[in-house]
Amino acid sequence: EKEKDAKKYVRTGTRQTNGQPTERKRKENPTKATVISEIARFLTENGYDSVEITNKERQIALKVGENAFELTLVQKRQPKK
């Protein structure tokens, strides 16, 4: 029973503390948000159609003619010393 509950909370992104589920908060990343908005602005200024930020810190969707594209920004972790 407990294992079943634990699996359910793992899939939903919640943690259980003292029997009560709690939502995990995502940290805002203003650097990634700025990079995404600058790339979107660049694409729009250079004639690409339907440029849309689908996730403000991660993805941009756009169309080139009849083809749809999606750009995903990934930030790498600092290398361990």
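Numbering of residues begins at 1 and proceeds along the displayed sequence. Basis for what follows: all heavy atoms, side chains included, without hydrogens, waters or symmetry-related copies.
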message: Tell me whether the count of non-hydrogen atoms from other residues, nucleotides or ligands lying under 6.0 Å of CZ in F69 goes above 12.
response: yes
query: Which heavy atom of K27 sits nearest a heavy atom of E57, and at what distance?
result: O-OE1, 4.3 Å
message: Any non-hydrogen side-chain atom of I36 less than 4.5 Å from a side-chain atom of L71?
response: no
- prompt: Taking C-beta and beyond as the side chain, do R58 and L73 meet within less than 4.5 Å on heavy atoms?
  reply: no
query: Any side-chain heavy atom of E28 sitting closer than 4.5 Å to one from K56?
result: yes
- prompt: What closest approach, in Å, do A61 and T54 show between heavy atoms, and which atom pair accounts for it?
  reply: CB-CG2, 3.8 Å
Nearest heavy-atom neighbours spanning I60 and A40: CD1-N, 3.8 Å
message: Measuring from atom CD of E70 to atom NZ of K63, what distance do you get when rounded to the nearest 0.5 angstrom?
response: 13.5 Å
field: F42 side chain near N46 side chain, heavy-atom distance below 4.5 Å
entry: yes
